Amino acid sequence: QVQLVESGGGLVQAGGSLRLSCAASGRAFTINTMGWYRQAPGKQRELVATITKGGNTNYAKSVEGRFTISRDNAKNTVTLQMNSLKPEDTAVYFCNAYTGWTTYWGQGTQVTVSS
């Protein structure tokens with residue numbers, strides 16, 4: 001019904017910046033909330049940031065002030081601008097979309113922050 005494809009992951013030095021993008025296709029018009037989650041090796045997947053169709057945002061305390069989530073409803077995309085990256089930000093980042101009935105996940109994109 002909805003397909004999510006992430007892009008923009010890679011290797012970056014600590015203190016640097018990276019921008020992740022997620023493009024939704026299929027029945028993307030049904031999406032209510034979109035967001036980003038991340039999972040480091042051996043750890044549970046955790047919320048990074050979410051944004052509603054109306055633009056309301058929510059951030060994990062660990063990233064608030066450094067990361068910014070934005071959304072383009074016309075293009076069905078969500079972007080995560082990551083600044084002042086730290087080694088502890090290293091994880092696989094997953095795009096998420098919630099329709100009110102179903103949750104969808106992207107395949108994940110690796111973000112590695114070196115010291």
Side-chain angles (χ1 to χ4, degrees):
Q1 294 293 313
V2 175
Q3 295 80 44
L4 304 173
V5 179
E6 303 100 332
S7 62
L11 175 65
V12 66
Q13 296 271 26
S17 298
L18 204 61
R19 180 180 293 175
L20 304 182
S21 295
C22 174
S25 60
R27 298 179 66 85
F29 59 88
T30 65
I31 296 173
N32 183 359
T33 302
M34 299 188 74
W36 291 93
Y37 291 69
R38 66 186 182 187
Q39 186 169 23
K43 296 184 178 180
Q44 295 290 315
R45 187 174 299 184
E46 65 177 357
L47 180 147
V48 178
T50 61
I51 183 168
T52 68
K53 183 178 293 185
N56 294 320
T57 59
N58 177 250
Y59 295 92
K61 292 185 183 297
S62 60
V63 307
E64 193 165 18
R66 299 187 297 119
F67 292 8
T68 302
I69 189 170
S70 60
R71 180 172 179 172
D72 187 333
N73 291 327
K75 294 183 177 181
N76 296 314
T77 59
V78 62
T79 299
L80 185 68
Q81 178 65 47
M82 304 185 293
N83 299 325
S84 302
L85 283 162
K86 305 174 180 179
E88 49 263 44
D89 294 318
T90 296
V92 177
Y93 284 69
F94 296 90
C95 182
N96 166 269
Y98 177 63
T99 68
W101 293 98
T102 309
T103 299
Y104 298 92
W105 296 95
Q107 81 287 348
T109 184
Q110 177 70 48
V111 172
T112 302
V113 184
S114 62
S115 58

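Just so it is clear, the values below take in all heavy atoms, side chains as well, and ignore hydrogens, waters and symmetry mates. What you see is a predicted model; the values in this text were computed from it and never measured.
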Quiz item: Taking the side chain from E6 and the backbone from G108, do they hold a donor-acceptor pair closer than 3.5 Å?
Solution: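 Between the backbone of G108 and the side chain of E6 there is a qualifying donor-acceptor contact (under 3.5 Å).
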Transitive ILVMFWY side-chain link [X] to [Y], under 4.5 Å:
| X | Y | value |
| --- | --- | --- |
| L18 | F67 | yes |
| F94 | V48 | no |
| V12 | V63 | yes |
| Y93 | L11 | no |

Minimum-distance pair of heavy atoms, taken over all atoms of [X] and [Y]:
| X | Y | answer |
| --- | --- | --- |
| R66 | S84 | NH1-O, 3.0 Å |
| A91 | Q110 | O-NE2, 3.4 Å |
| I31 | V2 | CD1-CG1, 3.9 Å |
| S17 | Q81 | CB-NE2, 3.9 Å |
| T79 | S21 | OG1-OG, 3.8 Å |
| I51 | I69 | CG2-CD1, 3.7 Å |

Quick one: pull up [atom1] in [X] and [atom2] in [Y] and give me the separation to the nearest 0.5 Å.
| X | Y | atom1 | atom2 | value |
| --- | --- | --- | --- | --- |
| C95 | Q3 | SG | CD | 12.0 Å |
| T68 | R19 | OG1 | CZ | 10.0 Å |
| L47 | K61 | CG | NZ | 12.0 Å |
| D89 | S62 | CG | OG | 7.0 Å |

Exercise. Give the C-alpha distance, both sets of side-chain angles, the deciding distance and a yes or no for side chain to side chain contact (heavy atoms under 4.5 Å, CB included) between T52 and T33.
Key: CA-CA 4 Å; T52 68; T33 302; 4.0 Å; yes
Quiz item: Can you list the residues that meet the side chain to side chain contact (heavy atoms under 4.5 Å, CB included) rule with N73, with sequence neighbours excluded?
Solution: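 In terms of side chain to side chain contact (heavy atoms under 4.5 Å, CB included), with neighbours along the sequence ignored, N73 is linked to K53, R71.
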Quiz item: Per the ring pair (Phe, Tyr, Trp, His ring centres under 6.0 Å) rule, which among Y104, Y98, W105 passes with Y37?
Solution: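 The residue from Y104, Y98, W105 that satisfies ring pair (Phe, Tyr, Trp, His ring centres under 6.0 Å) with Y37 turns out to be W105.
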Quiz prompt | Within 6.0 Å of CD in E88, more than 12 heavy atoms from elsewhere | solution =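 It does: E88 CD has more than 12 such atoms within range.
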Exercise. Identify the residue among V78, N58, N96 that makes a side chain to side chain contact (heavy atoms under 4.5 Å, CB included) with T50.
Key: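 Of all the options given, the one that passes is N58.
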Quiz item: Can T57 and Y59 be said to form a side chain to side chain contact (heavy atoms under 4.5 Å, CB included), step by step?
Solution: CA-CA 7 Å; T57 59; Y59 295 92; 3.6 Å; yes
Quiz prompt | Trace of the side chain to side chain contact (heavy atoms under 4.5 Å, CB included) decision for V111 with R38 | solution = CA-CA 9 Å; V111 172; R38 66 186 182 187; over 6 Å; no
Quiz item: Given L85 and Q13, is the side chain to side chain contact (heavy atoms under 4.5 Å, CB included) satisfied, shown in steps?
Solution: CA-CA 8 Å; L85 283 162; Q13 296 271 26; over 6 Å; no
